[in-house]
*Asks:* 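Just dropping this structure here.
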Amino acid sequence: MGEGATLPGFARRTMASYDFREIEERWQRAWEAQEMYRVPNPGDPGFDSTKPKMYILDMFPYPSGAGLHVGHPLGYIGTDIFSRYHRMRGANVLHPMGFDSFGLPAEQYAIETGVHPRLTTESNIANYTRQLKAFGFSYDWDRQLETTDPEYYRWTQWIFLRLFDSWFDVEQQRARPIAQLVEELEYGLRSADGVMWQNVPEPERREYLDSQRLAYIDEVPVNWCPALGTVLANEEVTVDGRSERGNHPVYQRPLRQWMLRITSYADRLIDELEMVEWPESVKTMQRNWIGRSEGATLIFDIEGHDPMRVFTTRPDTVFGATYMVMAPEHPLVDEITLSAWPDGTKPSWTLGIDTPRDAVAAYRLVASRKTDLERQIEDREKTGVFTGSFALNPLTGEDVPIFIADYVLMGYGTGAIMAVPGQDERDWEFADAFDLPIVRTVEPPSDFDGDAYTGTGPAINSGFLDGLSIPDAKVRIIQWLEANGAGKGTVTYKLRDWLFSRQRYWGEPIPILHGPNGELLAVPDDELPLRLPEVDDYRPHASDDENADPTPLLARASDDWKHVEIDGVPYTRELNTMPQWAGSCWYYLRYLDPHNSDLLVAPEAEQYWMGEHGIDLYVGGVEHAVLHLLYARFWHKVLNDLGHVGTKEPFGKLFNQGYILADAYQDARGVYVPVEDVVETQESFSYKGEEVTRTYGKMGKSLKNGVSPDDIFDEFGVDSLRLYEMFMGPLDTSRPWSTKDIVGVHRFLQRLWRNFIDEDTGDVLVSDTPSEGELQVLLHRTIEAVSKDMESLHFNTAIARFFELNNALVGLDRVPADIADIFPRLLAPMAPHICEELWHRMEKEGSVVTAPWPVCDKSLIAQNTATMVVQVNGKVRDRIDVPIAITEDEAVALALASERVQAHMRGAQPRRVIARLPNVVSLVV
RNA sequence: GCCGGGGUGGCGGAAUGGUAGACGCGGCGGACUCAAAAUCCGCUGGGCGCAAGCUCGUGUGGGUUCGAGUCCCACUCCCGGUACCA
């Protein structure tokens, strides 16, 4: 870097000034050469089994072309400090890093430029690695992994085949190998949907088994995104019905796709959250997403047709079910729709159309054209049409009309409801619009003047349920339904099975072969990895036509790759790829044993590092609450069921770091402009001469407001940046970036340097004698406070303690020996480079990285005096220094003797005295 | 609408029911300097007061308590998630 002239702040440079760039780069090279952060596995040379283990993990990044900005490493700095702290505390610390490198951006870039995604990915990873190393992070780089590495995705495919080879045993609530299902079927311990296995002919046997697998193909309504040329999982679609990546419109349509049976694990995914130490908000988000609700399925007979099944959480209200609704797509609709309106049909029920058949067809057409977004915009006004048919309410014995309406969704419950307008706001609105009867079955309070009443109260108009509370009535009616064959207690979930196929290129090929008769054949384990074939065009078969069929990109692979002959039978390869999430579902396991070519992970390594509760600290953004974190838990549970891992949950403790926010600028059209090219003028901002408006948001590519760490390194150094990001606030809150504020922590480091080093001579300014008195007390208080803050990740307050200790050293000729020994060790996890440099200049033994964490001398911080506050009528009137062991009598006497106190007592005697010694004496007059 | 989380100086933020505003940024004043930067010292929530000091003050309104930023009730605003989920 240049001389002081370009950096006015540091013009006065001498040989012995704080040359942070030189120091930081030199120590980073030294640490790498010494393999300082390498941690051996059990059985490896140098492994010390007497040390406790700590597995401290970051959510690995997608290596984007834009490189890191200063917002990315916020969590990484936190885990690095925590890792360094635990190393000094004597733990075996596993702290790895890798890259989640399959995914859309590299492929989009390939589409634009023709550059193979592998090349883009490689250069991005190289850049990310350089940037991460420049932060001085203490990763064990020997364990680095990339999800795009065939030696990695070999095991991703292997896990997929375990899912394919397993089924979920509902009684045991766990996955088991499908071979065991076949055995039990053959021994007659089970039947195939009620049919004895001997009586099932071969093609049906295969179809039955395929339908039981955890990875299966099914035709389901899926989210189809024409702009991306692929289908997406529910979790990848936003509230607005758009793709999470790219914000493109998404359409619902039925398609045959690979699915993973995550719904089998719904209960365990909820219940086993009890086992982990996670932010309550993330647990709640997962519970809400799984959406377990308990209720009942009721059977309503329809004369001359199959009965209608409905799910409700309020079976106690069935006496108030005055009409029925099916989703427009419900399969029973065609069957029950009449060809003529029955007598008594109200005109408002018919859409003004001559026959039910035409009316239903017209309504369905309109409903199918509405997107989810349009449904919202229309403010949920209730629409629908009568089918002409009636169902029998089994409790009231009355015939009630059956409608179709788009407020009932095919995707939830049974796709049909019993409508109880008295207790449901939506049903009330519909009943109101269609002039349907309303019967209250729960008595509202006397002052209730609303429409539907959803609160608690005794049952009314409900025959044998009258007078019962809602919970009692539910129990009673379910007993009745089960006794009379009219229904049963049921649990439903919002969670859908995980749509696992993508029609894109840059992902793991699904290792399945399709036979001539539709049979599915797994690629044998010993033929993995099934490598991603080359194609000459990465453009998806994108289309603006929402009805265009999705075509997998691997259809462009060579015929050699696509067609395989086994024993004379021609097979074709599965052409879909896996979603982005596949690789991140298990990467934390591969770090444990990254070079194992025989096993996903050796059992000894897995047992040691995962221990009883899995990963000791997992830090990442909250945006993965229902994506990665849910998917990974699901895979982990399957691997646990099949005996490949020892814990039920992978992530014992989760922590969500906040985001770094920054100003952003938009031009007149609302387009974001690069923040580095915006010029501040008098009271306004301009970009290329055009006025722009300032906004504010999460730092990143989309707002074009990223700040590169490289620039900060040059101007302030790595240690300053690390300290600054930690000092901005608690790790779990978002905070605004302000480059000019870095100067505060930078001054701290400059001051620290000058306290230890004579800038003119380079002499080390350390005394032979230790500190005494208040300074010694301050030192030990600092040890105590910083140690506590380290455990709880409260790095901002720890740094404030460092400032105080450092400021106390200013003005001393020399740093007392004990402080010189302890201070660099306390600070080393946060600012490792300057501490290592001071450590060596003082000629201390070894590296500060492996030095033991200082211990606080409690006898020194146990003070013998304290400041006692005297309150009169609750207001602080005086502060008196008192011995710590002061008695109540002495304290009260002292308080009453105070002139200030007396002034506020106005000669009166206290009516009441409360003493919390030695801190407070409170007098009440 | 429902479910989480939050509201403290000009700004970022500290405060086991017991001294509100630690620490930092910014600001003001001073020392050093020909000058500036850097560095060092002091001050810095509002109001009243020459001062000692008094008084108000943690989104709003109530409550519990000797004492409330902290606990309880109601409201309000902001952030995140989710939504015709029966």
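Just so we're on the same page: letters track the sequence lines, and every chain starts at 1. The structure presented is a predicted model; accordingly, all values stated were derived computationally and were not measured. Both backbone and side-chain heavy atoms feed into the values below; hydrogens, waters and symmetry mates do not.
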*Asks:* Nearest whole angstrom, please: distance from the P of A68(B) to the CG of Asn873(A).
*Replies:*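 Taking atom P of A68(B) as the reference, CG of Asn873(A) is at 12 Å.
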
*Asks:* Compare all side-chain heavy atoms of Ile402(A) with those of Val333(A) and state whether any distance is below 4.5 angstrom.
*Replies:* no

*Asks:* How far does the P atom of U70(B) sit from the matching atom of G17(B), given to the nearest Å?
*Replies:*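 It works out to 11 Å between them.
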
*Asks:* Quick check on C40(B): is either OP1 or OP2 less than 4.0 Å from any side-chain nitrogen or oxygen of Asn807(A)?
*Replies:* no

*Asks:* Contact class for Arg801(A) (heavy atom, under 4.0 Å): base, sugar-phosphate, or nothing?
*Replies:*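 Contact class for Arg801(A): none.
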
*Asks:* Across all strands, who's sitting opposite C50(B) as a Watson-Crick or G-U wobble pair, both distances under 3.5 Å?
*Replies:*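 Paired with C50(B), as far as the under-3.5 Å criterion goes, is no nucleotide at all.
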
*Asks:* Toward the 5' end of RNA chain B, which comes first, Thr414(A) or His904(A), by nearest nucleotide?
*Replies:* His904(A)

*Asks:* Let me see the working for His746(A) and Tyr724(A) under ring-ring contact (aromatic ring centres under 6.0 Å, His included), right down to the final yes or no.
*Replies:* CA-CA 8 Å; His746(A) 188 70; Tyr724(A) 172 63; over 10 Å; no

*Asks:* With rounding to whole Å, what would you report as the distance between C23(B) and A15(B) at their P atoms?
*Replies:*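 My reading of the P atoms in C23(B) and A15(B) gives 13 Å.
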
*Asks:* Under 30°, 30 to 60°, or over 60°: which ring-plane class applies to Phe434(A) and Phe430(A), parallel, tilted or perpendicular?
*Replies:*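 Aromatic pair Phe434(A)/Phe430(A) classed parallel.
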
*Asks:* Which nucleotide, A86(B), C23(B), U39(B), lies nearest any side-chain atom of Arg754(A)?
*Replies:* U39(B)

*Asks:* Atom CE of Met285(A) and atom P of G80(B): how far apart are they, to the nearest Å?
*Replies:* 12 Å

*Asks:* Using distance alone, with no hydrogens and no angle criterion, decide if Tyr412(A) and Ser293(A) have a side-chain donor and acceptor under 3.5 Å apart.
*Replies:* yes

*Asks:* Is it the case that His780(A) and Glu784(A) place a side-chain donor and acceptor less than 3.5 Å from each other?
*Replies:* no

*Asks:* Work out how far the C1' atom of A14(B) is from that of C48(B), and round it to whole angstrom.
*Replies:* 29 Å

*Asks:* Could you pick out which residue, Glu425(A) or Ile799(A), lies toward the 5' side of RNA chain B when each is mapped onto its nearest nucleotide?
*Replies:*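 Final value for this comparison: Glu425(A).
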
*Asks:* Would you mind checking if Arg781(A) and Glu774(A) are paired as a salt bridge, meaning a charged N to carboxylate O distance below 4.0 Å?
*Replies:*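 Looking at Glu774(A) and Arg781(A), the cut-off is not met.
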
*Asks:* Contact class for Asn796(A) (heavy atom, under 4.0 Å): base, sugar-phosphate, or nothing?
*Replies:*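 Here Asn796(A) touches the backbone only, sparing every base.
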
*Asks:* Check the distance between C23(B)'s P and Met726(A)'s CE and give it to me in whole angstrom.
*Replies:*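 Nearest whole value for this atom pair: 21 Å.
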
*Asks:* When the C1' atoms of C78(B) and G45(B) are compared, how many Å lie between them, rounded to an integer?
*Replies:*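 G45(B) and C78(B) have their C1' atoms separated by 23 Å.
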
*Asks:* When you get a sec, tell me which of G26(B), G12(B), C85(B) is the closest nucleotide to the side chain of Pro736(A)?
*Replies:* G12(B)

*Asks:* For G9(B), decide between syn and anti, treating a glycosidic angle within 90° of 0 as syn.
*Replies:*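 G9(B): syn.
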
*Asks:* If I pick the P atom on U60(B) and the same atom on G69(B), what distance separates them, to the nearest angstrom?
*Replies:* 12 Å

*Asks:* Tell me, with the steps shown, if Gln423(A) and Thr441(A) meet side-chain hydrogen bond (donor to acceptor under 3.5 Å, both in side chains).
*Replies:* CA-CA 7 Å; Gln423(A) 270 73 232; Thr441(A) 61; 2.7 Å; yes

*Asks:* Starting at CE of Met728(A) and ending at C1' of A14(B), how long is that distance when rounded to a whole Å?
*Replies:* 17 Å

*Asks:* Heavy atoms under 4.0 Å, any strand shown: does Phe803(A) hit a base, just sugar-phosphate, or nothing?
*Replies:*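 Sugar-phosphate: the residue Phe803(A), judged by heavy atoms under 4.0 Å, touches backbone atoms but no base.
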
*Asks:* Measure the distance from NZ on Lys875(A) to P on G53(B) and round it to the nearest whole Å.
*Replies:*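 Going from Lys875(A) (NZ) to G53(B) (P), I get 17 Å.
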
*Asks:* For His746(A) and G24(B), is the shortest distance between a side-chain N/O and OP1 or OP2 below 4.0 Å?
*Replies:*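 Looking at the OP1 and OP2 atoms of G24(B), neither is under 4.0 Å from any side-chain N or O of His746(A).
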
*Asks:* What does nucleotides 3-8 of chain B look like as a protein-contact string, B for base, S for sugar-phosphate only, - for none, at under 4.0 angstrom between heavy atoms?
*Replies:* SS----

*Asks:* Between the base of C84(B) and the side chain of Lys382(A), is there a donor and acceptor pair under 3.5 angstrom?
*Replies:*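 Indeed, a donor on one side and an acceptor on the other fall under 3.5 Å apart.
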
*Asks:* Between Arg747(A) and C25(B), does any side-chain N or O lie under 4.0 Å from OP1 or OP2?
*Replies:* yes

*Asks:* For atom CZ of Arg496(A), is the number of surrounding heavy atoms from other residues, nucleotides or ligands below 6.0 Å larger than 12?
*Replies:*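 Yes, CZ of Arg496(A) has more than 12 neighbouring heavy atoms, counting only those of other groups under 6.0 Å.
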
*Asks:* Sort out the partner of C11(B) for me: Watson-Crick or G-U wobble, both distances under 3.5 Å, none otherwise.
*Replies:* G24(B)

*Asks:* From C-beta outward on Thr867(A), which listed nucleotide comes closest to its side chain: A22(B), U19(B), G12(B)?
*Replies:*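 Of the options given, the side chain of Thr867(A) lies nearest U19(B).
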
*Asks:* What contact category does His794(A) fall into here, base, sugar-phosphate, or nothing, at under 4.0 angstrom with non-hydrogen atoms?
*Replies:* nothing

*Asks:* Mind checking who C40(B) pairs with, Watson-Crick or G-U wobble, both distances under 3.5 Å?
*Replies:* G30(B)

*Asks:* Measure the spacing between CD1 of Ile470(A) and CG of Asp316(A) and express it to the nearest 0.5 Å.
*Replies:*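 That separation rounds to 5.5 Å.
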
*Asks:* Could you give the CZ-to-P distance, from Arg879(A) to A20(B), as a whole number of Å?
*Replies:* 6 Å

*Asks:* Mind checking if Ser738(A) touches a base, just sugar-phosphate, or nothing, with heavy atoms under 4.0 Å?
*Replies:*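 Nothing: the residue Ser738(A), judged by heavy atoms under 4.0 Å, touches no strand.
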
*Asks:* Using OP1 and OP2 only, check whether a side-chain N or O of Arg900(A) sits under 4.0 Å from G53(B).
*Replies:*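 Answer is yes, contact under 4.0 Å.
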
*Asks:* Given side chains that start at C-beta, do those of Arg426(A) and Ile417(A) come closer than 4.5 Å, heavy atoms only?
*Replies:*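 In short, these two side chains do not touch, never coming nearer than 4.5 Å.
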
*Asks:* Roughly how many Å apart are G24(B) and G63(B), using the C1' atom of each and rounding to a whole number?
*Replies:*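 Between the two C1' atoms, the distance is 38 Å.
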
*Asks:* Taking any strand in view, what nucleotide pairs with G4(B) in a Watson-Crick or G-U wobble way, both distances under 3.5 Å?
*Replies:*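 With both distances under 3.5 Å, G4(B) matches C79(B).
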
*Asks:* Pairs under 3.5 angstrom, nitrogen or oxygen only, protein versus nucleotides 16-18 of chain B, please.
*Replies:*
residue, atom, partner, partner atom, Å
G18(B), O6, Arg916(A), NE, 3.3
G18(B), N2, Gln871(A), OE1, 2.8

*Asks:* Report which part of the nucleic acid Pro279(A) touches: base, sugar-phosphate, or nothing (heavy-atom distance under 4.0 Å, all strands).
*Replies:* nothing

*Asks:* Which is true for Arg911(A) with a 4.0 Å heavy-atom rule: it touches a base, it touches only sugar-phosphate, or it touches nothing?
*Replies:*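 Here Arg911(A) touches no strand at all.
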
*Asks:* Taking the same atom, C1', in C34(B) and in G29(B), what whole-Å distance lies between them?
*Replies:*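 Comparing C1' positions in C34(B) and G29(B) gives a spacing of 22 Å.
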
*Asks:* Would you indicate which nucleotide in C23(B), A86(B), C54(B) comes nearest to any side-chain atom of Arg877(A)?
*Replies:* C54(B)

*Asks:* Can a cation-pi geometry be assigned to Arg633(A) and Trp278(A), taking NZ or CZ under 6.0 Å from the six-membered ring centre and within 45° of the ring axis?
*Replies:* yes

*Asks:* Could you let me know what C85(B) is paired to, Watson-Crick or G-U wobble, both distances under 3.5 Å, or none if it's on its own?
*Replies:*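 Its partner is none (no Watson-Crick or G-U wobble pair with both distances under 3.5 Å).
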
*Asks:* Distance-only check: which donor-acceptor pairs under 3.5 Å involve side-chain atoms of residues 798-813 of chain A, not counting sequence neighbours?
*Replies:*
residue, atom, partner, partner atom, Å
Asn806(A), OD1, Asn755(A), ND2, 2.9
Asn806(A), ND2, Phe748(A), O, 3.1
Asn807(A), OD1, Arg751(A), NH1, 2.7
Asn807(A), ND2, Phe803(A), O, 3.3

*Asks:* OP1 or OP2 of A86(B) versus the side-chain N and O atoms of Arg426(A): is any pair under 4.0 Å?
*Replies:*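 So the side-chain polar atoms of Arg426(A) never come under 4.0 Å of the phosphate oxygens OP1 or OP2 of A86(B).
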
*Asks:* How long is the line joining CZ of Arg751(A) and P of C23(B), in whole Å?
*Replies:*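 My rounded result for the distance is 12 Å.
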
*Asks:* Taking atom CD of Glu277(A) as the centre, report whether more than 12 heavy atoms of other residues, nucleotides or ligands fall under 6.0 Å from it.
*Replies:*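 For Glu277(A), atom CD is not crowded (no more than 12 foreign heavy atoms under 6.0 Å).
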
*Asks:* Give me the distance, rounded to whole Å, that separates G10(B) from G80(B) when you measure between the C1' atoms they each carry.
*Replies:* 28 Å

*Asks:* Can you check the Asn755(A) CG to U39(B) C1' distance for me, whole Å?
*Replies:* 12 Å

*Asks:* Do we see a donor-acceptor contact under 3.5 Å between the side chains of Thr383(A) and Tyr363(A)?
*Replies:* yes

